[in-house]
Amino acid sequence: MKPIIEVTNLSKKYKYGESQPYYTLRDTLTGLVRAPFHLLNKKQKQINLNKNEFWALNNISFKVNRGEAMGIVGHNGAGKSTILKILSRITPPTKGKITLRGRVGSLLEVGTGFHFELTGRENIYLNGAILGMKRREIDKKFDEIVNFSGVEKFLDTPVKHYSSGMYMRLAFAVAANLDSEILIVDEVLAVGDTEFQKKCLGKMDEITKKEGRTILFVSHNMGAIKRLCGKGLLLDSGKKIYEGKIDNVVDQYMTSFDVKKVFEPIKVPEIDLVINKISINQKNNGKIVPGKPVQVDIDIFAEHEVKDIGIEIIFSHDDMDGRLFSTNTKSSDGLEIVIKKGNNHFTCFIDSFNLCSGKYRFGFSIQIPFIKSYYLNTDLFYFDVLETTFSNSQLPTLPMYGHVYLDHKWLIKT
Amino acid sequence: MKVDSHKVTVIRPKPRWLLLDFTEIWEFRELFIVFAWRDIKVRYKQTILGATWAVFQPLTSMFIFTIFFGNFAKIPSGDLPYPLFVLTGLIFWNYFSGILSRASNSLIENEGIVKKVYFPREILPLSTVGANLIDFGISLVLLFLVSFYFNFVPNPRVLFVVPLGLLIGTFGAGGLGLLLSSFNVKYRDVRYALPFFIQMMIFLTPVIYPTSIMRSSFRYLIALNPMTGVIDAARIVFSGGSNINWPILAISGGSSLLLFIVGLYYFKSTERFFADLV
């Protein structure tokens, strides 16, 4: 039997900053007046890569057989979501060919098209239709959807009055009843509470194991991936690194997190220093998980003594501007540091590393606080904080709750 | 589980055909209805006045236009009393401009859906016809009431002119709406220019004035506006007459069809990149 999904030499080109291609008609029209032939010439450069372009996917081929569940794994920007978008026909490929032998249902988000003014009941029909279900199918599955969601009492209330939990449950309930032979699922489990996630995982299990349907699944949650999928695809920067058994794929992915990058020494000529090494470590085979102790080690070689300075470490989130956390030995910690002639070693201990799973940037600076900065780089290197499995729900694991976990307790007076 | 093993989808960089894939549109016919249903539902839920708005709006415009253009400016209105004259023009114009403005913004307003789900994109702009049809139906009842009030009995040809007018209006506004919605995705300044553009278009349409005040050569030119022929014919049948100006109606009809083809062509040739741009 032919494979149900066949992807051959798939490539997709994007422009940098494609997320905000702010064209204005005014600019195009004035441009046309200034250089009337510009638009014609543009047509000729097609497939080749321009300076401001990059391959989000580069020559990817794979096959999925009927009834298989394949997990797509990779760091941020590896191209996972792009593959799903192309398979869902939301965006076209630049090169390559895909053959899908069966009805495709894609779930890149739960609750797509939900309208706040409409009731739960109305949204079930709206969302179902948007996901490609026929009215008859929705009628048939209506009770099942309502049961699964657990919002029967509020079925005729506009969803704007729902709590976010109810909203998510209803949305997932509709999607979970999608009756397609191929199901494409993107990170939908990253939302909702632990209880809800278990329910979703259970449902997905049912879809693959009992019903024998084909699933393509993207997630950062290795536990879920291992549980659901038999086969995996590892991507990095748009290229296929490995395709095969899911255990091997996950192992390869995990080792790629090791923070054993070669650190290029940094010269700070103004005060004759060399930063020989900076590393961030957790006693966890080089992988960093939330909530556990972490230490930052810094090796500096100085040609002569340097006084009155502060060294600073900075954590920022990959997707966001600005710092998440930084601390300066002098200005925030009140330490008087003297860098002695020769080799110096500094270690910063963080008892509980409360950054949630995701990709972060590490930054470093040497300065006289508020007066002079000798060295500053907020993007010295990247590191990933892994997701722990669902069972440790006390730990700050889910990006939906934010990127930082603050130690807290509640006082309730009634 | 229904196994439909014959369904094979091939995805390639370039679509095999550019224009309409009718089997696919048929497959998604329910989505078309659901979008229209959503618009109607949401519209009547959100406005306090609900369905009365569809009566109130043309009625108010009728009064104001009658006072200023009928009484003060003394614009001729042929055989019809000015209120009936202007209302005939208004209900067709409102239908046309309603589709045009909602269709043009449909892709941007439904950005979340466009980015996450596949369906033939033309469903979004074209499904705006639904809510406007309801409004039109309500206004049409109003128009009949007003014409009976003025003791005018429409010529039986009204049964032919109104549906034809709707058809011409739908194709014209639909085509222009497809074109502008695609523009609107790519060029974000279109959104701000659009209301002004539509507002100005009412003066290029014989809503407040009759076509008879124009030289005949100019009349043919303005008939390129699809609503010209429609409003002109509607006024004739509502005054009880039957001598429809066929050349004008034919020009308007042809123009609306052409607008639709051009709009659809442009839309289909740009639609694949909407999700990347929106």
Side-chain angles (χ1 to χ4, degrees), chain A residues 7 10-12 14-15 18-19 21-28 47 85-104 106-109 111-118 122 125-126 128-137 158 179-181 186 211-213, chain B residues 1-15 24 27-35 37-39 41-46 109-121 123-124 180 183-194 271-278:
Chain A
V7 174
L10 182 67
S11 297
K12 171 81 181 176
Y14 269 123
K15 285 193 180 75
E18 185 94 282
S19 56
Y22 199 94
Y23 296 100
T24 65
L25 187 57
R26 198 184 53 223
D27 290 346
T28 305
I47 294 286
K85 269 191 175 173
I86 295 172
L87 286 169
S88 313
R89 291 201 282 168
I90 289 163
T91 186
T94 310
K95 283 194 281 189
K97 182 186 169 188
I98 295 163
T99 312
L100 301 164
R101 299 191 175 88
R103 197 180 146 195
V104 181
S106 67
L107 203 55
L108 302 194
E109 175 189 70
T112 305
F114 260 50
H115 200 292
F116 280 97
E117 295 289 336
L118 299 177
E122 289 163 346
Y125 282 96
L126 175 60
I130 288 171
L131 292 177
M133 288 157 108
K134 299 266 178 285
R135 200 191 156 87
R136 262 184 300 119
E137 285 173 63
D179 231 3
S180 54
E181 293 152 281
D186 191 6
E211 298 173 19
R213 279 147 64 185
Chain B
M1 190 183 77
K2 192 178 61 189
V3 177
D4 178 14
S5 311
H6 299 289
K7 165 103 186 155
V8 175
T9 315
V10 177
I11 303 169
R12 285 170 179 285
K14 285 217 171 76
E24 190 181 70
E27 208 181 301
F28 281 92
R29 67 195 180 280
E30 284 195 11
L31 188 59
F32 187 91
I33 294 163
V34 165
F35 278 139
W37 163 82
R38 177 197 65 178
D39 285 351
K41 201 96 190 185
V42 170
R43 172 118 68 124
Y44 290 130
K45 262 187 190 175
Q46 278 174 332
E109 276 166 11
N110 291 288
E111 175 186 339
I113 306 177
V114 171
K115 273 183 164 169
K116 297 289 180 187
V117 180
Y118 171 80
F119 53 86
R121 303 304 188 200
I123 289 180
L124 273 175
L180 290 174
F183 260 50
N184 215 346
V185 169
K186 192 163 181 193
Y187 304 108
R188 282 305 165 85
D189 50 350
V190 168
R191 170 171 235 190
Y192 306 107
L194 208 64
E271 83 172 332
R272 284 160 61 84
F273 296 95
F274 287 166
D276 294 337
L277 287 173
V278 113

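To find a chain, count down the sequence lines: A is the first, B the second, and so on, and within it residues start at 1. Predicted model only: the values in this text are computed from it and were never measured.
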> Taking K41(B) as the fixed residue, which of H115(A), E117(A), E122(A) is the one that meets the side-chain hydrogen bond (donor to acceptor under 3.5 Å, both in side chains) rule?
Replying inline: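 Exactly one pass, corresponding to E122(A).
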A cation-pi test, strictly: NZ or CZ of R272(B) under 6.0 Å from the centre of the six-membered ring of F274(B) and no more than 45 degrees from its axis. Yes or no?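 Verdict for F274(B): no cation-pi partner in R272(B).
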Checklist entry - Which of the residues G96(A), P158(A), G132(A), G128(A) is involved in the greatest number of heavy-atom pairs with chain B at under 4.5 angstrom? => result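 Of the candidates given, the most pairs with chain B belong to G96(A).
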- Under 4.5 Å, counting heavy-atom pairs only, tell me which of L100(A), V7(A), L126(A), T99(A) racks up the most with chain B.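 Top option by heavy-atom pairs under 4.5 Å: L100(A).
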So which part of V117(B) gets closer than 4.5 Å to some heavy atom of chain A, the side chain, the backbone, both or neither?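 Both parts, backbone and side chain.
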- request: Give, as side chain, backbone, both or neither, the part of F28(B) having an atom under 4.5 angstrom from any heavy atom of chain A.
  value: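 No part of F28(B) comes within 4.5 Å of chain A.
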Side-chain contact test, heavy atoms from C-beta onward, threshold under 4.5 Å: evaluate it for D179(A) versus R213(A) and give yes or no.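 D179(A) vs R213(A): side chains touch.
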Task: Side chains of P92(A) and K12(A) in contact at under 4.5 Å (non-hydrogen atoms) - done: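 Yes; the side chains approach each other to less than 4.5 Å.
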Could R38(B) and E109(B) be called an ion pair, given the rule that one side-chain N must be under 4.0 Å from one carboxylate O?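 Salt bridge flag = no for E109(B) with R38(B).
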Measure S88(A) against the heavy atoms of chain B and call it side chain, backbone, both or neither at under 4.5 Å.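 For S88(A), the contact with chain B is made by the backbone alone.
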